[in-house]
Amino acid sequence: WLMRNDILPLFPCQEFPLRCFISSRLHDRRISCTPNGDILTSDERQDGEEWLIIGCADDTFRLQSRVHGKFLLSDVNGQICTSDCIPNDQGQWKLIKKSPDIFSFLIYTTCGKNQRQLSCEGDGVNTILMQEQDQWYQYSNPSYFWDIELLSGELCFLSSPGQDRRLSCHPWSGRLSMSSNWKGWEVWRFIEAGNDHVRISNWTHQKKFLCSDSDGTVWTSNNHLGSWEMWKVERAPNGYNGVVLKSVSHGRFLKAAVNGSPVSTSPTFDGFSTTWHTDAGHRQSFYISSVCQGKRIGSSESQVYITSNRKAKEVWEIKQQSDGSVSLHSKAHGKNLGSGPDGSLYVTEELGEGEKWELTKITKEGILCVGLKSIQHDRYLCCDTDGQVSTILSDEDMSSSIVAWSLDPYLPETMSGGKMRNLAIGGSVAALSIVAAPFAVMGAVSALGFGAGGIASGSIAAGWMSAEAIASGGMIAAGGTVATLQSIGAAGLGIAGTSAALGAGATFGATALGISAAVPSNGPSSKDVAVDNSGGMKVSDKRPFCNWRNWEY
């Protein structure tokens with residue numbers, strides 16, 4: 001399910017839904033949406049050109065402007081327009097991968113009896129009728145091809161184990177340094193770029209990308225399309241415990257700042273200074289929220305309670321023990337959650353049998369959520385309809401929502417230099433201005449539509465199913481995202497904001513576009529997965545990045 005008993009549980013911190021630019025291959029212009037919903041093409045890469053890929057019940061998806069919230073539609077006559085509401089079949093699209101280029105697709109709609117293909121005509125966008133006899137022309141005509149440029153990815157800290165410091169991006173200038181902090185400036189976004197390569201941007205400064213030259217200089221750049229911004233992440237050699245980040249262009253290794261030297265690259269592997277740890281952006285810390293009440297478990301120094309708050313006292317770190325159980329460790333008090341034989345809950349600094357839990361699957365209305373079972377007493381954590389929190393015996397109805405929980409990732413505080421500057425001018429910094437994430441934080445995969453009865457119609461899970469169909473030319477491994485999630489269930493989450501940091505046991509995002517193989521975080525290596533590499537795509541099992549400890553050398 002979410003873990004194996006012999007391996008640490010890993011919940012990757014993945015942004016969702018997919019954010020992207022959609023560019024005409026022929027014209028190198030992006031589909032753009034104006035505030036009033038007009039569709040045109042632009043040579044810019046700004047907010048108006050960002051789109052979200054949101055799934056439908058079948059193998060189709062919707063395209064929604066991230067900044068304006070409008071859905072892209074095509075009518076039966078081929079006219080392109082937008083809607084503020086969730087559209088009917090006029091807003092459902094499919095993709096066909098017919099090019100050896102990783103990101104190139106045909107985009108078409110099945111509105112009406114005929115299929116219509118999205119086409120770029122200079123400054124405008126329309127759809128044309130797809131004719132079976134013209135397939136060769138369609139697949140060779142560059143005006144019909146669209147490049148999908150991903151903007152979302154997996155969020156990780158980049159830590160140098162030799163000095164227990166993290167790569168940090170200065171909030172004002174974007175300058176690189178090493179920091180002892182675990183804040184938003186130390187979180188980096190790993191964006192799939194195809195062929196096992198990634199681009200790495202700072203989470204707080206989303207337009208600052210890690211860049212290096214042939215002389216070893218490293219800095220952050222606003223350009224993300226150049227080859228100097230491409231990196232490959234591999235297991236560290238020679239028995240070193242970590243990974244290396246190698247420049248694709250120069251073959252040099254990212255090197256931590258040591259003894260006053262700047263962050264740089266080294267032409268050869270240089271031990272600890274070129275070894276890194278990529279740990280999940282939430283550091284396995286979560287709000288544990290009741291599906292029944294929508295409230296969270298919190299604790300004081302001596303008591304356990306349920307609350308609607310989202311404060312430090314409600315944050316729990318999931319730690320696996322050597323026997324395969326997990327402990328729920330309060331980030332605020334350093335104490336562990338325990339259950340008594342009578343169903344009472346307590347917190348203690350001790351870690352005995354009463355403080356050990358098992359993560360299980362709980363079905364609520366066909367959707368799989370998280371259950372937390374006290375191993376010693378065989379009792380499930382529950383929040384009843386009166387809002388009382390306790391544990392109940394496992395022989396009671398486990399399909400009830402009172403024992404269903406979601407794990408909502410807790411991310412570090414962050415604020416860009418520009419926002420700090422504006423607040424300073426205003427004279428004060430309000431607590432609410434320190435945001436948890438530029439694109440919000442989300443809860444569990446249960447709400448995405450992966451259920452015991454199948455994938456829910458109209459859900460995001462259905463969108464992943466459609467997105468995997470993008471690579472139906474054999475680009476998705478047998479252990480792919482949709483198959484993995486539907487089989488493992490996943491922890492119920494809820495989405496807040498335009499994007500979300502997703503905690504679950506599989507690789508998402510670019511995987512749905514067939515850019516890399518999707519395997520569970522504790523899943524098989526590539527030699528265990530049936531993969532068809534036709535079309536020139538290289539599939540990697542070195543995902544998610546926070547799972548590096550389980551990668552093969």
Side-chain angles (χ1 to χ4, degrees), residues 102 153-170 174-181 185-203 208-221 223-280 515-517 525-527 538-553:
I102 299 249
E154 183 182 345
L155 303 179
C156 294
F157 289 98
L158 263 176
S159 299
S160 172
Q163 50 185 301
D164 190 24
R165 297 172 76 86
R166 275 140 296 287
L167 184 65
S168 181
C169 185
H170 193 277
R175 181 176 55 85
L176 295 171
S177 64
M178 302 301 296
S179 171
S180 60
N181 293 330
W185 301 286
E186 289 77 52
V187 176
W188 296 85
R189 176 185 291 106
F190 288 68
I191 303 172
E192 297 288 356
N195 286 330
D196 205 18
H197 302 156
V198 293
R199 295 184 175 92
I200 304 173
S201 68
N202 186 257
W203 182 47
K208 293 289 187 182
F209 286 78
L210 201 61
C211 180
S212 72
D213 64 16
S214 59
D215 297 324
T217 305
V218 178
W219 69 98
T220 58
S221 170
N223 174 37
H224 68 287
L225 297 178
S227 59
W228 289 11
E229 290 77 32
M230 298 276 273
W231 300 84
K232 187 170 183 177
V233 184
E234 299 175 332
R235 199 72 155 85
N238 305 330
Y240 279 83
N241 191 30
V243 300
V244 295
L245 279 72
K246 186 184 292 187
S247 167
V248 172
S249 290
H250 312 298
R252 299 173 65 98
F253 297 82
L254 184 67
K255 184 176 181 178
V258 180
N259 298 326
S261 65
V263 177
S264 61
T265 59
S266 169
T268 58
F269 177 71
D270 195 18
F272 278 120
S273 64
T274 51
T275 300
W276 300 86
H277 288 178
T278 48
D279 296 315
I515 295 168
S516 63
S525 65
S526 58
K527 70 179 188 298
K538 182 177 181 179
V539 180
S540 172
D541 68 334
K542 302 298 189 292
R543 304 293 188 272
F545 295 104
C546 70
N547 190 45
W548 60 268
R549 291 172 179 83
N550 297 319
W551 293 357
E552 292 185 355
Y553 283 95

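FYI, side chains are in, hydrogens and waters are out, and symmetry mates aren't considered; it's all heavy atoms of this structure. Residues take their numbers from the sequence shown, with the count starting at 1.
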Which atom names give the shortest non-hydrogen contact between A257 and Q163, and what distance separates them?
O-NE2, 3.1 Å
Report the distance from atom NE2 of H197 to atom NZ of K246, rounding to the nearest 0.5 Å.
10.0 Å
Tell me if a side-chain donor or acceptor on R166 pairs with a main-chain N or O of S180 at a distance below 3.5 Å.
yes
Let me know which of V218, L245, D270 forms a side chain to side chain contact (heavy atoms under 4.5 Å, CB included) with T265.
V218
Side-chain donor or acceptor of D213 paired with backbone N/O of T217 under 3.5 Å:
yes
How long is the straight-line distance from CH2 of W188 back to OG of S168, given to the nearest 0.5 Å?
7.5 Å
Among F253, F272, W276, whose ring pair (Phe, Tyr, Trp, His ring centres under 6.0 Å) with Y240 holds?
F272
Evaluate the side-chain proximity of L167 to R165: yes if any heavy-atom separation is below 4.5 Å, no if none is.
no
To the nearest 0.5 Å, tell me how far T275 OG1 sits from K255 NZ.
11.5 Å
Between R543 and E192, is there a salt bridge with N-O shorter than 4.0 Å?
yes
Among S227, S212, P267, find the residue that satisfies the side chain to side chain contact (heavy atoms under 4.5 Å, CB included) test when tested with H250.
S212
Does the pair S201 and R189 meet the rule for a side-chain hydrogen bond (donor to acceptor under 3.5 Å, both in side chains), with working shown?
CA-CA 5 Å; S201 68; R189 176 185 291 106; 3.1 Å; yes
Measuring from atom OG of S273 to atom CG of L254, what distance do you get when rounded to the nearest 0.5 angstrom?
10.0 Å
Derivation of the side-chain contact (heavy atoms from CB on, under 4.5 Å) call for W548 and N241:
CA-CA 9 Å; W548 60 268; N241 191 30; 3.3 Å; yes
Interatomic distance, E186 atom CD to M178 atom CE [nearest 0.5 angstrom]
9.5 Å
Does a side-chain heavy-atom distance below 4.5 Å link V198 with F545?
yes
With a 4.5 Å limit on heavy-atom distance, are the side chains of W219 and W228 in contact?
yes
Heavy atoms only: give me the nearest C546-A280 pair and the separation to one decimal.
CB-N, 3.7 Å
Step-by-step side-chain contact (heavy atoms from CB on, under 4.5 Å) determination, H170 to W185
CA-CA 7 Å; H170 193 277; W185 301 286; over 6 Å; no
Search all heavy atoms of G226 against all heavy atoms of N223 and return the closest pair with its distance.
N-ND2, 3.5 Å
Supply the atom-to-atom distance K542 NZ to T278 OG1, rounded to the nearest 0.5 angstrom.
12.5 Å
Any carboxylate oxygen within less than 4.0 angstrom of a Lys/Arg side-chain nitrogen, looking at R252 and D215?
no
